[in-house]
2 protein chains.
Amino acid sequence: MKLEEAKQQFINSWGAFGTQWGINRTMAQIHALLLISTSPITQDDIMEELSISRGNVNMNIRDLIGWGLVERVIVSGERKEYFTADKNIWKVATQIIKERKKRELDPMLKLLSQLENIDDKKEKDAKEFLTVVGDIKKLGSHADSLLDIMIKAEENKFISGVMKIFK
Amino acid sequence: MKLEEAKQQFINSWGAFGTQWGINRTMAQIHALLLISTSPITQDDIMEELSISRGNVNMNIRDLIGWGLVERVIVSGERKEYFTADKNIWKVATQIIKERKKRELDPMLKLLSQLENIDDKKEKDAKEFLTVVGDIKKLGSHADSLLDIMIKAEENKFISGVMKIFK
DNA sequence: AATATGTTTCATTATTTACTGAAAGTTCAA
DNA sequence: TTGAACTTTCAGTAAATAATGAAACATATT
C-alpha cells in the first residue's frame with residue numbers, strides 16, 4: 001500500500017469510527033489529519049485535503065480546541081494561523097475521557113441523585129425504581145473513580161509506572 | 001417528585017444520554033422503560049408509553065435483542081409477545097462493552113494492522129505515520145485486554161470478588 | 001484611512017438518520 | 001382453510017444534524 005493511500009484510509013476510518021461514538025465525522029477526520037501531519041497546517045490545507053468548506057473547518061477546529069485536542073500555533077513571519085494535534089495518544093485518550101466525563105457522566109450522576117428524591121419511597125413500585133437508579137448511580141460512580149485514576153496516571157509519574165502493568 | 005414524573009424523566013434522560021454515545025434515542029428510551037418496568041410489557045405498552053409507532057418499536061426492540069439487552073418472554077395463556085430487560089446493571093454494562101468491542105474496537109485494530117503494511121517504511125514521513133498508527137494500536141490493545149478483564153469479572157466468581165476493590 | 005489578508009458567524013441548504021403506517025407475512029384456533 | 005390476532009418489513013416522509021458560502025468582522029500593511 002502507498003503511504004498516501006494509507007493516510008487517506010486512516011482519515012476515513014477515523015471519521016467513521018467517530019460517528020459511531022457520537023462525534024461528528026468531519027471533526028474526527030480533521031483530528032486524524034492533524035495526527036498524521038508531520039508539521040502544523042492551515043485551514044486552507046485542511047479544506048483542500050478533506051474537500052470541505054472554510055466555515056466547516058473553522059467550526060470543527062474550534063470544537064477540537066474546546067476538547068483540548070488541537071492547538072493554534074504561530075509560525076513566525078506568517079500571517080496565517082497554523083494548527084497541531086498532540087501526538088501522544090495516551091494523552092489524547094485521557095483528554096477525551098476527561099471531557100466526556102465532565103460533559104456527560106457528571107451531569108448524569110447528578111440527575112440520578114435528583115431522581116432518588118421521590119415521594120412514597122416505601123411503595124413497592126418506588127422501591128424497585130430506586131434500586132435500578134441506585135445501581136446505575138453506583139456503577140457510574142465506580143466508572144468515575146476508575147477514570148480519575150486513569151487521568152491521574154497521565155499526570156503523575158509514579159502512577160504512570162504502575163499503569164504499565166497493563167503492558 | 002412523584003414516581004411517575006421521575007420515571008418519565010429517567011426515560012428521557014436515558015434517551016438523551018444514548019444519543020451522545022451514538023445510540024438512537026428511541027432505542028435507549030425503550031431500554032430505559034424496560035429497566036424500570038416491574039414486569040414484562042408488550043409492543044403496545046411501549047407504543048403507548050413513548051407515543052411511537054409500531055414499526056419503530058418493533059425495529060428497536062429487535063436491535064436491543066441483538067445487543068443482548070432485551071429478551072422475549074412468553075406469558076402462558078397469552079398470544080402477545082412480552083419483553084423484559086435484565087436489571088443487573090453490571091451485566092448490562094459488560095454486555096454493552098462486549099458488543100461495542102466486537103463491533104468497533106476489534107475491526108479498528110484489524111484495520112490499523114493493515115495500515116502498517118505500507119511501502120517504503122524507511123522514509124521519514126512513513127516512519128512518523130507508523131508511529132501514530134502503532135501507538136493507537138497499542139492503546140487499543142490495552143483497552144481490549146482491560147475490557148476483557150471486566151467482562152470476565154462478570155462471568156467469574158473469583159475475579160468478581162477482586163473487582164469489588166472498586167468499592 | 002484605504003486596502004489586503006485572514007478569520008468567524010450564521011441563515012440557508014444538503015445530508016443523514018430516524019419514524020410512520022399500511023401492506024405483507026406469520027401463527028394459531030376453529 | 002379461513003380468518004382473527006399479532007408481528008415484521010420497508011417505501012415514503014419527517015426530523016435532526018452537518019455543511020456551505022457569502023457577509024461581517026478583525027488585523028496587519030501601504
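Below, read A as the first sequence line, B as the second, and so on, with proteins coming before strands; counting in each chain starts at 1.
Because its NZ or CZ atom is not both nearer than 6.0 Å to the ring centre of A/W67 and within 45° of the ring axis, A/R62 does not count as a cation-pi partner of that residue.
In this structure, of D/dT9, D/dA18, C/dT8, it is D/dT9 that holds the atom nearest to the side chain of B/R62. For B/K80, taking side-chain heavy atoms from C-beta onward, the closest of the listed nucleotides C/dC19, C/dT9, D/dC6 is D/dC6.
For the pair A/L64 CG and D/dA18 P, the interatomic distance rounds to 13 Å; values are reported in whole Å. Nucleotide C/dA11 holds its P atom 11 Å from the CE atom of A/M59, rounded to whole Å. Atoms CG (B/D44) and P (D/dA5) sit 13 Å apart, rounded to a whole Å. One can place CE of A/M47 at 10 Å from C1' of D/dG21, the figure rounded to the nearest angstrom. Between the CD1 atom of A/I23 and the C1' atom of D/dT17 there is a distance of 15 Å, rounded to whole Å. One atom, CG of B/D45, and another, P of D/dT7, lie 11 Å apart when rounded to the nearest Å. In this entry the distance linking CD1 of B/I52 with C1' of D/dA16 reads 17 Å, nearest Å. In this structure, B/Y82 places its OH atom 13 Å from C1' of D/dA5, rounding to the nearest Å.
Under the salt bridge (Lys or Arg N to Asp or Glu O under 4.0 Å) test applied with A/D144, the options A/K101, A/K137, A/K110, A/K102 reduce to a single match, A/K101. Between B/I30 and the choices B/D63, B/I61, B/L69, B/L35, the side chain to side chain contact (heavy atoms under 4.5 Å, CB included) rule is met once, by B/I61.
Of the charged side-chain nitrogens involved, none lies within less than 4.0 Å of a carboxylate oxygen, so that B/K127 and B/E123 do not count as a salt-bridged pair.
Applying the 4.0 Å criterion to OP1 and OP2 of C/dT7, one finds that A/N58 has every side-chain N and O outside that range. Contact annotation: B/N56 reaches the phosphate of C/dT20 (side-chain N/O to OP1 or OP2, under 4.0 Å).
When the shell of 6.0 Å around CD of A/E71 is examined, it contains 12 or fewer heavy atoms from other residues, nucleotides or ligands.
If you check every strand for non-hydrogen atoms under 4.0 Å, B/N24 touches sugar and phosphate atoms only.
For D/dT27, its base sits under 3.5 Å from the side chain of A/R79 at one donor and acceptor pair at least.
Nucleotides of DNA chain C nearest to A/R54 and B/N60 differ in position, and the one nearer the 5' end is that of A/R54.
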